[in-house]
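These figures come from a predicted structure and were not determined experimentally. Note: hydrogens, waters and symmetry copies are ignored here, and every other heavy atom, side chains too, is used. Naming convention: chains lettered A, B, ... in sequence-line order (proteins, then strands); numbering from 1 in each chain.
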There are 2 protein chains.
Amino acid sequence: MAAREDKKEIIIEKAVSVFAQRGYYKATTAMVAKEAGVTQPYVFHFFANKEELFKAVMDRAFGRIYDTFAKIDAPADQLIETMGHAFEEVIQTHRDEVLMVMQAHAISEEGIREHVRKLFKTIFDSLSLKFERAGIPEAEKTAAHFIGTGLLITVAEVLDLPQLTKGVGDDG
Amino acid sequence: MAAREDKKEIIIEKAVSVFAQRGYYKATTAMVAKEAGVTQPYVFHFFANKEELFKAVMDRAFGRIYDTFAKIDAPADQLIETMGHAFEEVIQTHRDEVLMVMQAHAISEEGIREHVRKLFKTIFDSLSLKFERAGIPEAEKTAAHFIGTGLLITVAEVLDLPQLTKGVGDDG
DNA sequence: AATGATTTATTTATCAATCAATAAATAAGA
DNA sequence: TCTTATTTATTGATTGATAAATAAATCATT
């Protein structure tokens with residue numbers, strides 16, 4: 001029988017796709033449990049409530065994006081382009097996670113909103129620092145633009161409006 | 001006693017703020033009814049279901065943003081700046097409506113998503129056309145960037161991260 | 001103008017469904 | 001046997017929605 005940590009891991013993994021596809025409110029703990037091959041009440045053995053489960057899922061998804069940017073090391077004049085490509089790659093390999101992260105700001109649960117706030121701030125700060133260290137002028141503005149582009153890509157994906165991203169990513 | 005259309009109007013008006021403040025799923029028809037000074041079932045006398053009510057609310061909010069841009073007439077070299085200022089003004093005068101529109105893409109109700117898609121497309125097309133007619137190069141890309149900035153402002157507002165919008169709006 | 005009939009507006013009461021969460025019971029392994 | 005892992009059974013709370021009842025307004029007729 002699978003060890004406790006394994007089961008917890010599986011639940012988080014499956015919850016990512018359930019939350020991503022249905023959104024926080026339409027995703028039920030029963031669905032997550034079913035996907036993970038576990039009974040619904042057993043989810044609450046690992047997470048105090050639905051909110052805590054979602055936070056764990058967000059940490060997982062955010063972490064992947066954070067790590068993707070963190071490990072990039074390119075010369076200043078290619079940094080933004082390289083990071084842009086890296087982001088596009090994450091979107092392809094972990095589409096659900098990225099879309100979920102970029103839509104999380106719309107969840108009106110106070111605890112979640114605060115958590116999401118911290119995660120966005122962490123990403124923004126690390127982007128700013130990276131750009132600043134690379135000697136890129138207006139590092140913060142560039143970081144903000146980077147996030148704004150991510151949001152735009154998400155809306156284009158979710159609403160199936162590819163026109164919105166035609167030519168996006170060509171420059172900074 | 002208020003005429004039928006008046007009541008419907010009042011319900012939409014109050015529903016805007018309820019939906020904006022609580023989000024689609026956490027907003028209940030009972031709350032909307034209470035704010036409008038009406039009983040909960042009576043809301044269903046005007047709208048077939050919660051979804052239809054929300055669509056009406058979205059039309060109202062989107063319409064305001066659309067009209068704001070539509071009536072702007074400025075020389076090409078000042079158009080984007082003028083429109084940016086106009087948008088900032090709408091955010092101040094009708095904050096709830098703007099934030100709601102910019103977050104609507106995260107609602108996972110199929111009917112709503114399709115409606116939101118059409119509204120976003122309408123705005124994007126009209127922005128593109130306006131920029132194109134003004135002789136602005138890369139009109140579509142500019143329109144997309146405009147929307148992306150709106151999304152960024154929304155996230156900054158909702159998550160209380162003013163750093164994200166420091167310096168945003170200074171250029172195109 | 002007063003009265004009664006008829007339609008329109010609005011409420012009370014309630015249903016059926018869903019869901020997160022708890023508690024108690026059982027199975028498995030050490 | 002004792003602990004850990006997991007399930008069954010159940011609950012309490014919400015919520016969108018419906019149906020039946022009431023009140024208010026409108027209108028026709030005397």
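- Residue T29(A) places at least one side-chain N or O closer than 4.0 Å to OP1 or OP2 of dA20(C).
- Annotation: side chain to side chain contact (heavy atoms under 4.5 Å, CB included) contacts of D96(A) (sequence neighbours excluded): S17(A), A20(A), Q21(A).
- Checked against the 6.0 Å centroid threshold, F54(B) and F47(B) do not count as a close aromatic pair.
- The NZ-P distance, from K7(A) to dT4(D), rounds to 18 Å in whole Å.
- Heavy-atom neighbours of Y66(A) OH from other residues, nucleotides or ligands within 6.0 Å: at or below the threshold of 12.
- One can place CZ of F46(A) at 13 Å from P of dT4(D), the figure rounded to the nearest angstrom.
- With rounding to whole Å, Y25(A) atom OH is found 14 Å from dA20(C) atom C1'.
- By the 6.0 Å contact criterion, NZ on K14(B) is open, its count of non-hydrogen atoms from other residues, nucleotides or ligands being 12 or less.
- For F47(B) and dT18(D), the CZ to C1' distance is 18 Å, given to the nearest whole Å.
- Nearest nucleotide to the side chain of Y42(B), out of dG16(D), dT12(C), dT11(C): dT11(C).
- Whole-Å rounding puts the K50(A) NZ to dT18(C) P distance at 15 Å.
- Residue H45(A) contributes atom NE2, which lies 15 Å from atom C1' of dA25(C) at whole-angstrom precision.
- Note on A27(B): only backbone sugar-phosphate atoms sit closer than 4.0 angstrom, heavy atoms only; bases stay farther off.
- dT11(C) atom P lies 14 Å from atom NZ of K34(B), rounded to whole Å.
- As judged by a 4.0 angstrom heavy-atom cut-off over every strand, T28(B) is placed among residues touching the sugar-phosphate backbone only.
- No side-chain donor-acceptor contact under 3.5 Å links R113(A) to the backbone of L159(B).
- Residue-level contact check: A48(B) touches neither bases nor backbone, having no heavy atom under 4.0 Å from any strand.
- Judged by closest nucleotide on DNA chain C, G37(B) is the one of G37(B) and N49(A) placed further toward the 5' end.
- Among the nucleotides dT12(C), dA17(D), dT6(D), the one closest to any side-chain atom of F44(B) is dA17(D).
- Atom CD1 in I112(B) sits roughly 13 Å away from atom C1' in dG16(D) (whole-Å rounding).
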